[in-house]
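So the structure is just underneath, and the comments pick up after that.
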Amino acid sequence: MLMKGQQNLHMEKWIEKGDVLIEALPYIQRFNRKIIVVKYGGSAMLDEDFMSSVIQDITLLKLVGFKPIIVHGGGKAISKHIDRLGMETEFINGLRVTDEETLDAAEMVLNSVNKKLVQIVQQLGVRAIGISGKDGNLLTVKKKLSAGEDIGYVGEVTAVNTDILLDLLEKDFLPIVCPIGLDEDFHGYNINADDAASAIAEAVKAEKLAFLTDTEGVYMDIEDTGSVISEMTVSEAQELIDKGIIAGGMLPKIKNCMEAINHGVSRVHILDGRIPHSILLEIFTNKGIGTAILGDEQEKFYTHAKM
């Protein structure tokens, strides 16, 4: 039997949970029946518990009225598999050169990851369809160059067959996309998952695009983990690029975000996929925990670090 003090503490915890649900209500109402594209990758994909947690969150988004599409990566798993096979890896400008053998290995790993994600979603009672960018010409690509140099079978998305995705969403499926595409000659290409997610979000005019990564967001000072910027407009992002504050590996990700915004996506979020429930905390709470990027004309929700 609980003592009176324990009862009060127990009740306070339940009240806090109720407050969280009420805080989420306006966001659920605002984004009901809206499409959200989630790019899932990074270290969180290598841990079964993290993977289950992330997929639970995305499944919850669907059950409360969102229309999620998952685009997954698998770079770390691909690297481990290639190393296990004893294959030599060549890099140009920091990017892996993808020859025929590497492409075959990448496609095998990505397809395995894809079906694992489908399995987890369906265990949670939601119907999921795993689909490669090859299927139905979902993702048409051309060869992508790195600073003018050929890096093999790495593709740049030129077209998205939105009919497939919109039809699956209409029929109440959760699409899970493997980032492999075909060129006009029907040769397979590996696609950077960030690029694939951005292209899909633009094509379906998603309300939100969320990148689950290995970083908490965009920092004003990379040495200060407390300097995460909660929100910034496209113009503010460009200023940070011009000042050299956004650089390195974050630069191409931010450029993807800016391009998505300029092509009709309402908001783009960069989140740490290793933090439990990061996507729920970012979307359903007033403060958020990552970085949101929005158009210059969009209303800001949060208080953020001084620009």
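Start at 1 with the first residue, then count along the sequence.
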#### Entry: Check: T158 main-chain N/O paired with T140 side-chain donor or acceptor under 3.5 Å
no
#### Entry: Residue pairs passing the ring pair (Phe, Tyr, Trp, His ring centres under 6.0 Å) test where at least one lies in residues 243-265, sequence neighbours excluded
none
Per-pair distances, 0.1 Å, donor-acceptor, side chain in residues 120-131, under 3.5 Å, sequence neighbours excluded:
residue: Q122; atom: OE1; partner: A128; partner atom: N; Å: 3.3
residue: R127; atom: NH2; partner: K171; partner atom: O; Å: 2.5

### Message
Between K208 and K34, is the side chain to side chain contact (heavy atoms under 4.5 Å, CB included) condition met? List the steps.
### Response
CA-CA 8 Å; K208 287 179 178 288; K34 303 291 187 180; over 6 Å; no
### Message
Consider side-chain contact (heavy atoms from CB on, under 4.5 Å). Of I293, L294, T291, V234, which one does C257 pass it with?
### Response
I293
### Donor-acceptor pair, side chain of D167 and main chain of D163, under 3.5 angstrom
no
#### Entry: E170 and L166: CA distance, side-chain angles, deciding distance, side chain to side chain contact (heavy atoms under 4.5 Å, CB included) verdict
CA-CA 6 Å; E170 184 64 26; L166 296 177; over 6 Å; no
### Message
More than 12 heavy atoms of other residues, nucleotides or ligands under 6.0 Å from NZ of K80: yes or no?
### Response
no
#### Entry: Other ILVMFWY residues reachable from L182 by side-chain steps of under 4.5 Å
F186
### Residue list, side chain to side chain donor-acceptor pair (under 3.5 Å) with S266, at least two apart or on another chain
E207
### D194 backbone acceptor or donor facing S198 side chain under 3.5 Å
yes
### Query
I70 pairs by side-chain contact (heavy atoms from CB on, under 4.5 Å) with which of V37, V54, V177, I55?
I55
### Partners meeting ring-ring contact (aromatic ring centres under 6.0 Å, His included) with H277 (sequence neighbours left out)
none
### Residues which pass side chain to side chain contact (heavy atoms under 4.5 Å, CB included) with N114, listed by chain and number, not counting sequence neighbours
H72, V118, I176, C178
### Message
Checking K143 now: which residues fulfil salt bridge (Lys or Arg N to Asp or Glu O under 4.0 Å) with it, not counting sequence neighbours?
### Response
D150
### Task
Test K144 against D195 for side chain to side chain contact (heavy atoms under 4.5 Å, CB included), laying out the working first.
CA-CA 11 Å; K144 182 175 184 176; D195 294 347; 2.7 Å; yes
### Counterpart residues, side chain to side chain donor-acceptor pair (under 3.5 Å), relative to Q238 (two or more places apart)
D242
### Task
Please assess N262 against E202 for the test side chain to side chain contact (heavy atoms under 4.5 Å, CB included), listing each intermediate value before the final yes or no.
CA-CA 9 Å; N262 290 333; E202 293 168 24; over 6 Å; no
### Message
Under a 3.5 Å distance rule, please check whether S278 uses its side chain to pair with a backbone N or O of L271 as donor and acceptor.
### Response
no
### Query
Is there side-chain contact between V154 and V141, with at least one heavy-atom pair below 4.5 Å?
no
### Task
Mind checking the NZ-CD1 spacing from K67 to I36? Nearest 0.5 Å is all I need.
13.5 Å
### Query
Would a hydrophobic clustering, with Ile, Leu, Val, Met, Phe, Trp and Tyr connected at side-chain separations under 4.5 Å, put L240 with L251?
yes
### Task
State which residues pass ring-ring contact (aromatic ring centres under 6.0 Å, His included) with Y153; sequence neighbours excluded, sorted by chain then number.
H187, Y189
### Task
Just jot down the side chain to side chain donor-acceptor pair (under 3.5 Å) partners of N161, sequence neighbours excluded, or say none.
none
### Query
Are more than 12 heavy atoms from other residues, nucleotides or ligands located less than 6.0 Å from atom CD of E100?
yes
### Task
Indicate, with yes or no, if M108 and L85 share a hydrophobic cluster defined by side-chain heavy-atom contacts under 4.5 Å among Ile, Leu, Val, Met, Phe, Trp and Tyr.
no
### Message
Which residues end up grouped with L145 if you chain together Ile, Leu, Val, Met, Phe, Trp and Tyr wherever their side-chain heavy atoms are less than 4.5 Å apart?
### Response
none
### Task
Report the distance from atom NZ of K62 to atom CG of L60, rounding to the nearest 0.5 Å.
12.0 Å
### Query
Does L168 belong to the same Ile/Leu/Val/Met/Phe/Trp/Tyr cluster as L63, with side-chain heavy atoms less than 4.5 Å apart forming each link?
yes
### Task
Applying side chain to side chain donor-acceptor pair (under 3.5 Å), name anything that partners S79, two or more places apart in sequence or on another chain.
R96
